[in-house]
Engineer: 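Structure below; questions to follow.
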Amino acid sequence: MTNVTLIAGGVGGAKMAEGFDMCKEVELTIIGNIADDDEFHGLWVSPDIDTIIYTLCGKINRSQGWGVNDEGHRALDVLKELGNETWMFLGDRDFGLHIYRTKRLKNGDRPSDITHDISQKFGITSKINLPTDDKVQTRVRTTEGWQTFQEYFVRDKCVPDVLELHYEGLSQSSITPEAESSIVNAELIVLAPSNPLVSISPIIEIPGFKKALQNTNVPIIAVSPLINGKVIKGPADKMLASLGHRPDVLGIAQYYKDVISHLVIDEQDSRFFEDINSIGISPYSTDILMRDAMDKKRLALKILEIFCTLEAKA
Ligand code: GDP
């Protein structure tokens with residue numbers, strides 16, 4: 001068994017999580033992003049964590065990569081009729097989860113405990129840890145001014161250029177004991193192919209988190225969320241460019257250079273090998289597009305194979 005700790009955002013993160021979850025030789029712990037969380041209709045919604053939960057328990061809407069399969073919108077229709085803004089799609093079955101989470105938060109339960117209980121009740125065997133139990137929320141300054149993350153991402157469909165990011169509450173937050181021990185006990189740490197700016201950074205920038213990563217001597221392998229300078233989905237390429245980073249695998253390597261030891265890139269990006277090596281990161285190339293379950297498992301196994309080669313050399 002290999003203890004793998006995966007640091008993950010939503011859709012890209014959940015795909016990678018499913019890949020490792022399918023490998024019987026892996027004991028998987030996921031540390032998910034909570035900085036996309038927000039309140040809607042009085043309920044606390046945690047989109048990235050829920051995407052991971054729905055993916056691993058099989059309730060996910062596979063064609064979207066988020067939300068629940070066989071979903072309705074009757075609750076949202078009523079809210080609309082009553083004059084509420086309903087640009088944040090929350091399905092009827094999904095509402096049940098948000099009601100449960102909010103009720104437990106109101107009882108004073110730790111967000112980490114609530115997440116563990118939901119995972120267990122939904123039959124998930126991999127562990128899902130929160131990076132912090134404190135409130136951290138990504139704010140986005142676009143050409144339209146400062147916005148919440150979901151206003152930019154869902155309401156405005158990522159159209160305005162992002163000029164600045166701020167993770168509200170981050171400097172006062174602290175790492176959970178569960179997240180810290182899953183870094184200390186990991187034999188391999190993987191950064192999922194998630195948005196580095198709004199999914200991975202708000203996790204690893206939590207005080208104590210980066211230090212925990214820097215104190216381990218196990219391999220830290222990232223998978224690029226970009227192939228040939230383009231995202232599979234979402235605004236990461238556009239955001240990297242408007243915030244002054246290179247929107248390609250070299251930009252990903254530069255962004256993670258203080259954190260990772262290895263970067264898995266697509267075969268189409270092999271021309272960047274030398275440049276990535278020159279900044280002290282070892283590149284590996286393979287097909288990193290996860291179209292289906294087989295692709296997810298294949299990529300997870302490839303990462304384990306890289307890990308085994310490193311172990312053999314050590
Ligand atoms: P979000 O919070 O739902 O946006 O999800 P993430 O941050 O986890 O994932 C968004 C990133 O996942 C985007 O930058 C995508 O390019 C990347 N992504 C999605 N599917 C794949 C895939 O199959 N392979 C790779 N390498 N990246 C992917």
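As a basis for the values below, the full set of heavy atoms in this structure was taken, side chains included, without hydrogen atoms, waters or symmetry mates. Remember, it's 1-based here, ligands and their atoms both numbered in the order they're listed.
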Engineer: Does V4 offer a backbone N or O that forms a donor-acceptor pair with the side chain of E187 under 3.5 Å?
Structural biologist: no

Engineer: Suppose we measure from atom 26 (N) of ligand 1 to each protein heavy atom; which comes out shortest, and what is that distance?
Structural biologist: S224 O, 2.9 Å

Engineer: Heavy atom under 4.0 Å from ligand 1: found in K233's side chain, backbone, both, or neither?
Structural biologist: backbone

Engineer: When you check the gap from the basic side-chain N to the acidic O, do D113 and R104 get nearer than 4.0 Å?
Structural biologist: no

Engineer: Charged N to carboxylate O below 4.0 Å: is that the case for R101 and E39?
Structural biologist: no

Engineer: Record the part of A192 in heavy-atom contact with ligand 1 below 4.0 Å; permitted values are side chain, backbone, both and neither.
Structural biologist: neither

Engineer: Do the two ring centres, one from W146 and one from Y152, sit under 6.0 Å apart?
Structural biologist: no

Engineer: Pairs of nitrogen or oxygen atoms closer than 3.5 Å, one from P225 and one from ligand 1: do any exist?
Structural biologist: yes

Engineer: Is there a donor-acceptor pair under 3.5 Å between the side chain of D156 and the backbone N or O of V159?
Structural biologist: no

Engineer: If the threshold is 4.0 Å, N to carboxylate O, is there a salt bridge linking D133 and R110?
Structural biologist: yes

Engineer: Examine I288 against ligand 1 and note whether any of their N/O atoms are separated by less than 3.5 Å.
Structural biologist: yes

Engineer: Would you tell me which option among L289, V231, N195 has the nearest heavy-atom contact to atom 10 (C) of ligand 1?
Structural biologist: N195

Engineer: Going by the order shown, which atoms of ligand 1 are within less than 4.0 Å of some heavy atom of G9?
Structural biologist: 8 (O)

Engineer: I need the nearest protein heavy-atom contact for atom 8 (O) of ligand 1: residue, atom name and distance, please.
Structural biologist: S194 OG, 2.7 Å

Engineer: Looking at E305 and K302, is any side-chain nitrogen of the basic one under 4.0 Å from a carboxylate oxygen of the acidic one?
Structural biologist: yes

Engineer: Does D269 use its side chain to pair, donor to acceptor, with the backbone of N228 at less than 3.5 Å?
Structural biologist: yes

Engineer: In terms of residue, atom name and distance, what is the protein heavy atom nearest to atom 3 (O) of ligand 1?
Structural biologist: V11 N, 3.0 Å

Engineer: What protein heavy atom sits nearest atom 19 (C) of ligand 1, and how far away is it?
Structural biologist: I232 CB, 3.7 Å

Engineer: Fit a plane to each ring of F153 and F149, take the angle between them on a 0 to 90° scale, and name the class: parallel (under 30°), tilted (30 to 60°) or perpendicular (over 60°).
Structural biologist: parallel

Engineer: Would a hydrophobic clustering, with Ile, Leu, Val, Met, Phe, Trp and Tyr connected at side-chain separations under 4.5 Å, put I99 with V45?
Structural biologist: yes

Engineer: So which heavy atom in the protein is nearest atom 23 (O) of ligand 1, and how far is it from that ligand atom?
Structural biologist: M290 N, 2.7 Å

Engineer: Can an N or O of I227 be found at a distance shorter than 3.5 Å from an N or O of ligand 1?
Structural biologist: no

Engineer: Short N/O distance, under 3.5 Å, between L226 and ligand 1?
Structural biologist: no

Engineer: Give the atom numbers and elements of ligand 1 that come within less than 4.0 Å of a heavy atom of A236.
Structural biologist: 14 (O)

Engineer: Check R93 with E71, please: is the shortest side-chain N to carboxylate O separation under 4.0 Å?
Structural biologist: no

Engineer: So, is P193 polar-close to ligand 1, with some N/O to N/O distance under 3.5 Å?
Structural biologist: yes

Engineer: Which part of D48 is near ligand 1, with near meaning a heavy atom under 4.0 Å away: side chain, backbone, both or neither?
Structural biologist: side chain

Engineer: Answer yes or no: does an N/O atom from G12 fall short of 3.5 Å to an N/O atom of ligand 1?
Structural biologist: yes

Engineer: Examine G10 against ligand 1 and note whether any of their N/O atoms are separated by less than 3.5 Å.
Structural biologist: yes

Engineer: What orientation do Y255 and H245 show, parallel under 30°, tilted 30 to 60°, or perpendicular over 60°?
Structural biologist: perpendicular

Engineer: Is the shortest side-chain N to carboxylate O distance from D295 to R298 below 4.0 Å?
Structural biologist: yes

Engineer: Of all the heavy atoms in G234, does at least one lie under 4.0 Å from an atom in ligand 1?
Structural biologist: no

Engineer: Give me the residue, atom name and distance of the protein heavy atom closest to atom 20 (N) of ligand 1.
Structural biologist: K15 NZ, 2.9 Å

Engineer: Provide the number and element of each atom of ligand 1 under 4.0 Å from a heavy atom of S199.
Structural biologist: 2 (O), 6 (P), 7 (O)

Engineer: Flag yes if L301 and M22 sit in one hydrophobic cluster, no otherwise; membership is Ile, Leu, Val, Met, Phe, Trp, Tyr, and two members link when side-chain heavy atoms are under 4.5 Å apart.
Structural biologist: no

Engineer: May I ask you to list the atoms of ligand 1 that are less than 4.0 angstrom from any heavy atom of G13?
Structural biologist: 8 (O)

Engineer: Name the closest protein heavy atom to atom 4 (O) of ligand 1, giving the residue it belongs to and the distance to 0.1 Å.
Structural biologist: F153 CZ, 3.8 Å

